[in-house]
Structures are given as C-alpha cells and as structure tokens.
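Remarks on the structure that follows.
In what follows, every chain begins at residue 1, and chains take the letters A, B, ... in the order their sequences are listed. Remember, it's a predicted structure, so these values are computed and weren't measured experimentally.
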Number of protein chains: 2
Amino acid sequence: MVTLEDVARQAGVSLATASRVLNGSTRQVGADLRARVERAADELGYRANMAAQTLARGASNVIGIVVHDLTDPYFAALADGAMRAAAGEGLLVMVGTTHRDPEQEIAYVATMNAQRVRAVLLAGSRVSDPEVTGRLRRELDRYRASGGRVACVGQDLLGVDTVAPANYEGGAALARSLAGLGHTRFAVLAGPPHLMTARDRCAGFVAAVEELGLPEPRVVHGPFDRDGGYAAAAETGDATCVFAVNDVMAVGALASYRDRGVRVPDDVSVAGFDDIATLRDHVPALTTVRLPLADMGSRALELALAAGETPTVDHVQGEVVLRESVRDVR
Amino acid sequence: MVTLEDVARQAGVSLATASRVLNGSTRQVGADLRARVERAADELGYRANMAAQTLARGASNVIGIVVHDLTDPYFAALADGAMRAAAGEGLLVMVGTTHRDPEQEIAYVATMNAQRVRAVLLAGSRVSDPEVTGRLRRELDRYRASGGRVACVGQDLLGVDTVAPANYEGGAALARSLAGLGHTRFAVLAGPPHLMTARDRCAGFVAAVEELGLPEPRVVHGPFDRDGGYAAAAETGDATCVFAVNDVMAVGALASYRDRGVRVPDDVSVAGFDDIATLRDHVPALTTVRLPLADMGSRALELALAAGETPTVDHVQGEVVLRESVRDVR
DNA sequence: ACCTCCCCGGAAAGCGGTTGCCCAGTCTTG
DNA sequence: CAAGACTGGGCAACCGCTTTCCGGGGAGGT
C-alpha cells in the first residue's frame with residue numbers, strides 16, 4: 001500500500017508539498033517540485049486514501065441513497081436520476097436497498113451517518129406506522145444534528161426536504177379521465193393498506209369517483225408488486241375499469257386477465273401509475289399517470305445539497321397518459 | 001459532531017474502554033462500565049466515524065459495484081444479486097454507473113481504490129478496444145497490488161475472477177432451437193460491433209446456423225438498447241426469424257414490427273437474450289435465453305471475496321426458453 | 001543598502017478511531 | 001501462603017492525510 005509519505009520520500013519533498021500537489025490546495029507549488037511529485041506518484045501507483053482524507057478534511061464526497069428495491073424500475077429510475085446529478089457534482093454514491101423493510105431503512109440511515117456521507121436520499125413510500133416513522137425520524141435528526149443533509153422522495157412526513165409526487169391528485173385526475181370515457185363501475189388494486197403512496201393514489205381515485213356521483217369503487221388490497229396485481233385482478237367483480245396503483249401491478253393484472261381470457265380493453269379497461277419506461281412497449285399499451293422519475297431523483301439531490309433553512313416540499317404533478325389499455329365506452 | 005472521546009468523558013472511562021464497548025473487540029469490559037458507556041453513547045447520539053475506523057483498522061466494509069446503467073434491468077438484477085450477497089456479509093455497497101463510457105469505468109476503479117473498498121465488481125460487457133482494456137487492466141492491477149479484490153461479470157479478459165455467461169453457447173443453442181422449429185432465414189440484431197457480449201451472442205448464433213448448413217444470417221448492427229432494436233428491426237429483410245442479442249432490444253424490435261403491421265410470430269419470429277423479469281409479461285411472450293442474473297451477481301461477490309490464488313472463471317449456462325414470440329413453421 | 005512583502009517549503013498538530021502493551025487487582029493452584 | 005495466571009482498565013502510538021504556522025529567500029520599494 002503506497003502512501004503519500006512514500007511519494008514524498010521518493011520525490012524528496014515533504015508530506016505537505018506532496019499533499020498540495022496531489023490533492024489540490026489553494027497553495028501553489030513550484031513547477032520542478034510539482035513535476036517531481038507527480039512523477040513519483042505515478043511511478044509508485046499512488047492513490048490517495050479517501051478514508052484518511054475524509055477524516056482529515058472532516059467531510060466526504062459521498063452521498064447515500066436508500067431505496068426499497070433496485071430491480072423495481074421505479075426505484076431504478078429515481079436512483080439513476082439522483083446518480084447522474086451526483087456525478088455532476090463530483091459526488092460518489094452509496095446505495096442501500098431495504099427490500100421494503102422499514103427497520104433496514106433505519107439501519108441504513110445509521111450506517112450512512114457513520115459514513116459521514118454528505119447527504120442521504122430516502123426514496124420510497126413511507127409507511128403509516130407512527131412508531132416506525134418516529135424511530136426513522138429520530139435517526140434522521142441524529143444525522144442532521146451532526147451536519148448531515150436529508151431529502152426524501154415520497155411523503156412529506158419526516159420534516160425534511162421532500163420531493164412529493166402528487167399521488168392523490170394523480171389518482172383523482174386519472175379517475176376523471178376514465179370517467180370521461182364513460183366508465184362508471186371501477187375497481188382499485190390498492191396495494192398494501194399501510195403504504196402511503198398506495199393509499200394516496202387510491203384515495204384520490206376513490207374521492208374523484210365519488211365526487212362525480214358514481215358508485216364507490218371496489219377496493220382490493222394486496223402486495224405492491226406484479227404478483228400482487230395478478231392476484232388482486234381476480235377480484236375485480238363486474239368493474240369495467242380497473243386502476244392498479246402502480247404500473248408493475250397493472251402489468252400483473254393484465255397478465256391475470258389474459259390468462260383468464262378476459263380481453264383488455266374490450267372486456268375491462270386497465271390503468272396504472274408511474275409510466276415506467278421499460279413497460280412502455282407493453283401490449284396493450286398501458287394507460288397511466290406519468291411521473292418524471294429521473295428528474296425527481298436529481299431534484300431530491302439538489303434539495304438535499306441546498307442549504308435550506310426550513311424544509312422545502314416540491315410537489316410534482318403527474319400527467320395522465322391515455323393508451324390502449326382503456327376503452328372509450330361512450 | 002459527537003466523538004468517542006465525548007462518550008468516554010461522559011461515561012468517565014478511557015477512550016480504549018469506550019472503543020471496546022461500542023465497536024466490538026475481543027477484549028471484555030466489565031458490566032458496569034459497559035452499561036455506563038452504552039448509556040452515554042445513547043444519550044449523546046454517538047455514531048462511530050467510519051472514515052476513522054477504516055483508517056485505523058486499515059480495512060473498510062464497503063464494496064464497489066460498477067455497472068453501465070441501473071435503469072437497464074439486466075444490470076439492476078445483477079446489482080441486486082450482488083447487494084443481497086453483500087448485505088449477508090455485512091458489507092455496504094457503493095455503486096457507480098458508467099453509462100457505457102469505458103473511461104468512466106476506469107475512473108470508478110481508481111475512485112474505489114481510493115476508497116479502499118474491500119472488493120470491486122465490474123459488471124457489464126467489456127469492449128474489444130485493447131488500448132482501453134489495457135488501461136482498465138492497469139488500474140485494476142494497481143488496485144489489486146494494494147490488496148484489493150476484483151471480480152467481473154462478463155468476459156474473461158482482465159485476468160481476474162470472472163462470472164462468464166455462456167454467451168456464445170447460448171446464442172448457438174438458441175439458433176439450434178429455432179432451426180428445430182423449421183426456420184431457415186435468420187437475421188441478427190447484433191448491437192454494437194465492439195461490445196463483446198453482443199459479439200459473442202451473435203457469433204454463437206451465426207456459427208450454429210452455418211453449422212446446420214443454413215444460409216448465413218443477415219447481421220444488423222446498432223445500439224444495444226430498446227431504440228437500437230427498434231431501428232435495426234427495420235432492416236431484417238426477408239428473414240422469418242430474428243434474434244436480438246438482448247431482451248430489451250427484442251422488445252424494441254417487437255414494437256417496430258407492431259408499428260409496421262408485421263405480425264409476430266405469424267410473419268416473423270423474434271427471440272431475445274437474458275430473460276429479463278420485468279419483461280416476462282410482454283405480449284407476445286418473448287423467446288429468450290435465460291440467465292440467472294441475481295445468482296451471477298452474488299456469485300461474483302463470492303468470487304471476489306474468496307482468497308483465490310489463480311483467477312477462477314465461472315461459466316454460467318443460459319437456458320433456452322421458447323415462448324410465443326416464435327412460431328413453429330414445420 | 002535596507003526593509004517589507006510575498007511566495008513557497010517544511011514541521012507538526014490534529015482528524016477519530018484501534019490496539020499493543022503495561023499494570024493493578026483478583027483468582028487459581030501446588 | 002506464595003507464585004503464576006487471568007481480567008479488565010488505561011496510556012499512548014499509530015492509521016494517512018490536511019492544514020496551520022513558521023521561516024528562509026528573492027523581488028520590489030524607497
């Protein structure tokens with residue numbers, strides 16, 4: 001392991017000079033010494049020890065991102081947006097995946113605190129359990145107390161900078177669009193009852209439907225993933241239009257209908273939420289609410305890095321995208 | 001920022017004792033002192049500074065993963081597998097995305113070396129440019145010279161532990177299966193010419209076709225992504241069966257045919273490679289070569305962590321999965 | 001010719017932990 | 001009961017780098 005000292009010795013200069021040459025400094029170093037140091041470093045294959053730099057400088061150039069599941073394209077897109085933004089700032093990214101375990105999320109915040117990362121981004125839905133949220137919040141406070149910055153994508157209930165997708169409004173807008181096509185009997189594949197994102201989307205949808213004076217949608221709960229959508233789709237009764245609270249579930253629902261010989265959109269219309277890029281070529285093309293996921297990720301990083309006294313909440317609107325998975329029944 | 005010293009002072013013990021209580025050690029500490037330290041740490045909200053620990057211990061508990069693109073489900077699955085394995089070992093993961101820029105890949109290796117990560121996993125196809133590969137290799141050697149471990153998913157040309165999907169054999173097996181269905185006129189959406197993974201899959205396919213005495217497939221190059229597949233599909237001539245060297249391209253090709261009114265599989269059969277989970281509900285269901293991506297990711301981590309004198313190369317076979325996107329023309 | 005100021009090099013004090021070593025007290029054990 | 005074996009606590013020397021402060025020497029001013 002070659003250290004700065006080795007380089008300095010080989011170059012015949014002091015540690016200070018070598019440090020100034022190799023790792024940036026306001027101070028100038030004479031051209032000849034500078035060249036000597038650079039040559040020595042190159043010959044020896046020197047790489048600065050970042051742990052030492054972090055310790056000495058008291059600040060690291062790493063940020064942390066905590067997501068539920070990288071194989072879920074929703075989080076992948078979010079993470080990618082944040083990582084591009086981070087790369088633009090010269091920051092490295094440390095990623096944690098919780099696989100939807102809130103305890104893991106708390107543990108990751110603690111770990112990233114220990115890493116003294118510059119900022120932590122929490123992506124993914126909060127759960128409604130106040131006890132868990134409280135513990136997470138305490139852990140975040142502890143981190144912020146020592147100078148850490150935090151931003152969150154999802155619900156605004158941690159008292160930190162947040163990029164909040166308009167889940168409720170998106171659900172409502174979608175409901176109005178679908179009703180506009182003449183649908184009256186709706187069902188919602190609502191995901192887990194405690195997951196805020198799922199709940200808000202569902203609630204917005206249901207509220208809008210009722211506001212239009214239409215019959216209350218049947219709400220079917222289940223897991224938030226493809227298989228959850230598949231299973232829940234079996235219980236949509238006589239609804240002519242089904243809203244799955246995310247695209248991945250919607251795709252599961254489509255598969256379920258296909259397997260059972262139910263035609264989409266002829267027999268039943270299906271809509272999702274998120275507009276996942278990987279799923280855009282699905283047949284039938286999925287009606288959905290588009291969220292600018294990559295932008296949301298990079299925006300979250302911006303928020304975290306900006307000084308911000310009082311927490312900013314960025315509401316981002318979704319855009320209803322009507323595609324062939326829904327039928328105009330007027 | 002609360003330090004160990006603060007905790008020690010508050011607990012009225014020495015630094016050494018506090019360290020032994022809080023950050024594990026072979027040495028025992030008396031029950032009363034232990035309790036005092038723990039209480040103090042909790043009251044103060046102490047979190048060990050990992051940079052300091054890394055420096056003092058001379059080893060970090062972080063591993064690095066370098067992928068091309070997280071939003072590509074292939075890499076997401078690989079990364080997820082590796083991350084699960086890492087979590088099982090109590091390791092944290094630092095992720096770098098190169099967006100297919102080989103220079104970025106080299107830069108990330110340098111950075112992760114600086115971070116003194118325990119191991120680096122390089123996922124994603126190597127390119128055939130020997131100059132770039134040489135520089136990457138030198139950077140890796142530099143890292144390994146200082147005790148770093150490296151494993152790679154893809155081609156075995158860096159002289160490190162490698163998980164090598166049998167791209168050539170997979171392509172060949174697929175060709176034989178398709179020929180077995182009676183197809184004779186093939187085309188290959190071959191991706192970029194310099195990308196090893198794409199090249200191997202294509203080469204295996206072409207070789208098997210020729211070995212069967214069938215006419216040489218038409219090979220169309222283009223980008224390795226969805227749009228590349230879409231564009232290339234326009235140039236498949238009179239082929240009755242088209243092999244896209246990955247699933248994402250295949251989906252692009254399907255979209256292209258759909259847009260042009262070419263029916264799949266009636267007019268043309270389409271096959272991909274990888275068996276991406278997110279795409280399994282695609283219609284028509286994609287014939288492909290299944291790769292156990294998550295396993296490959298975790299296996300790569302294992303290889304990297306194992307002591308291994310001479311580099312191990314793990315060949316992983318793909319499995320042809322016939323689905324509706326190909327037609328039996330016998 | 002002298003003084004000041006600036007520029008650049010080096011010595012050394014941290015940054016926040018870990019751990020080898022010494023030491024006092026308590027336990028065995030012959 | 002003396003002597004060796006443990007136990008558990010603390011001191012202090014690092015780990016590799018940054019940065020403050022000090023000093024020497026050359027340039028510029030008078």
Side-chain angles (χ1 to χ4, degrees), chain A residues 1-38 40-41 44-62 110-111 113-118 143 146-148, chain B residues 1-38 40-41 44-62 111 113-118 146-148:
Chain A
M1 178 90 37
V2 13
T3 70
L4 228 211
E5 194 175 349
D6 300 332
V7 175
R9 194 178 320 116
Q10 166 125 352
V13 301
S14 76
L15 225 53
T17 302
S19 170
R20 295 201 261 253
V21 170
L22 296 174
N23 305 316
S25 149
T26 45
R27 292 267 310 251
Q28 293 295 313
V29 172
D32 51 338
L33 286 198
R34 159 175 301 275
R36 287 231 303 278
V37 171
E38 275 165 353
L44 264 37
Y46 170 74
R47 287 281 172 246
N49 182 329
M50 271 203 199
Q53 291 192 158
T54 298
L55 183 57
R57 300 209 250 246
S60 81
N61 62 340
V62 176
T111 304
N113 185 350
Q115 291 270 348
R116 300 293 191 272
V117 299
R118 272 252 266 283
Y143 171 56
S146 55
Chain B
M1 178 93 36
V2 182
T3 72
L4 228 211
E5 194 175 350
D6 301 332
V7 175
R9 192 178 320 116
Q10 165 126 351
V13 301
S14 75
L15 225 54
T17 301
S19 170
R20 295 200 259 255
V21 170
L22 296 174
N23 304 316
S25 149
T26 45
R27 290 271 309 256
Q28 293 295 313
V29 172
D32 49 340
L33 285 196
R34 161 175 298 276
R36 287 231 302 277
V37 171
E38 277 166 351
L44 265 37
Y46 170 73
R47 287 281 172 246
N49 181 328
M50 270 203 200
Q53 292 194 145
T54 297
L55 184 57
R57 298 211 252 245
S60 80
N61 61 341
V62 176
T111 304
N113 185 351
Q115 291 270 347
R116 299 294 189 272
V117 299
R118 271 253 266 283
S146 56

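- At the heavy-atom level, A:A48 lies under 4.0 Å from the strands shown only through sugar-phosphate atoms.
- Map A:M50 and B:V13 each onto its nearest nucleotide of DNA chain D; the residue landing nearer the 5' end is B:V13.
- For the atom pair CG of B:N49 and OG1 of B:T54, the computed distance is 8.5 Å after rounding to the nearest 0.5 Å.
- In this structure, B:T3 reaches the sugar-phosphate backbone alone: every heavy-atom distance under 4.0 Å involves primed, P, OP1 or OP2 atoms, never a base.
- Checked by distance alone, B:R20 brings a side-chain donor or acceptor within 3.5 Å of a matching partner on the base of D:dG10.
- Among the heavy atoms of the strands lying under 4.0 Å from B:G30 are primed sugar atoms or P, OP1, OP2 only; no base atom is included.
- The nucleotide whose nearest atom lies closest to any side-chain atom of A:R27 is, among C:dG10, D:dC17, C:dG16, C:dG10.
- Residue B:A16 has its side chain nearest to C:dT19 when only C:dT18, C:dT19, D:dC17 are considered.
- Side-chain to base pairing of A:R116 with C:dG16: no donor and acceptor N or O lie closer than 3.5 Å to each other.
- The 5' end of DNA chain D is approached more closely, in terms of each residue's nearest nucleotide, by B:L33 than by the other of A:R57 and B:L33.
- Inter-residue side-chain proximity for B:R116 and A:M1 is flagged as met; some heavy-atom pair is nearer than 4.5 Å.
- Exactly one of B:V13, B:D6, B:V7 qualifies for a side-chain contact (heavy atoms from CB on, under 4.5 Å) with B:R9. That residue is B:D6.
- With C:dA11, D:dG16, C:dG17 as the choices, the nucleotide that has an atom nearest any side-chain atom of A:A52 turns out to be D:dG16.
- Rounded to an integer number of Å, the gap from A:L55 CG to C:dC15 P is 9 Å.
- Residue A:L15 contributes atom CG, which lies 13 Å from atom C1' of D:dC15 at whole-angstrom precision.
- Side chains of A:N61 and B:Q115 form a contact here, defined as non-hydrogen atoms less than 4.5 Å apart.
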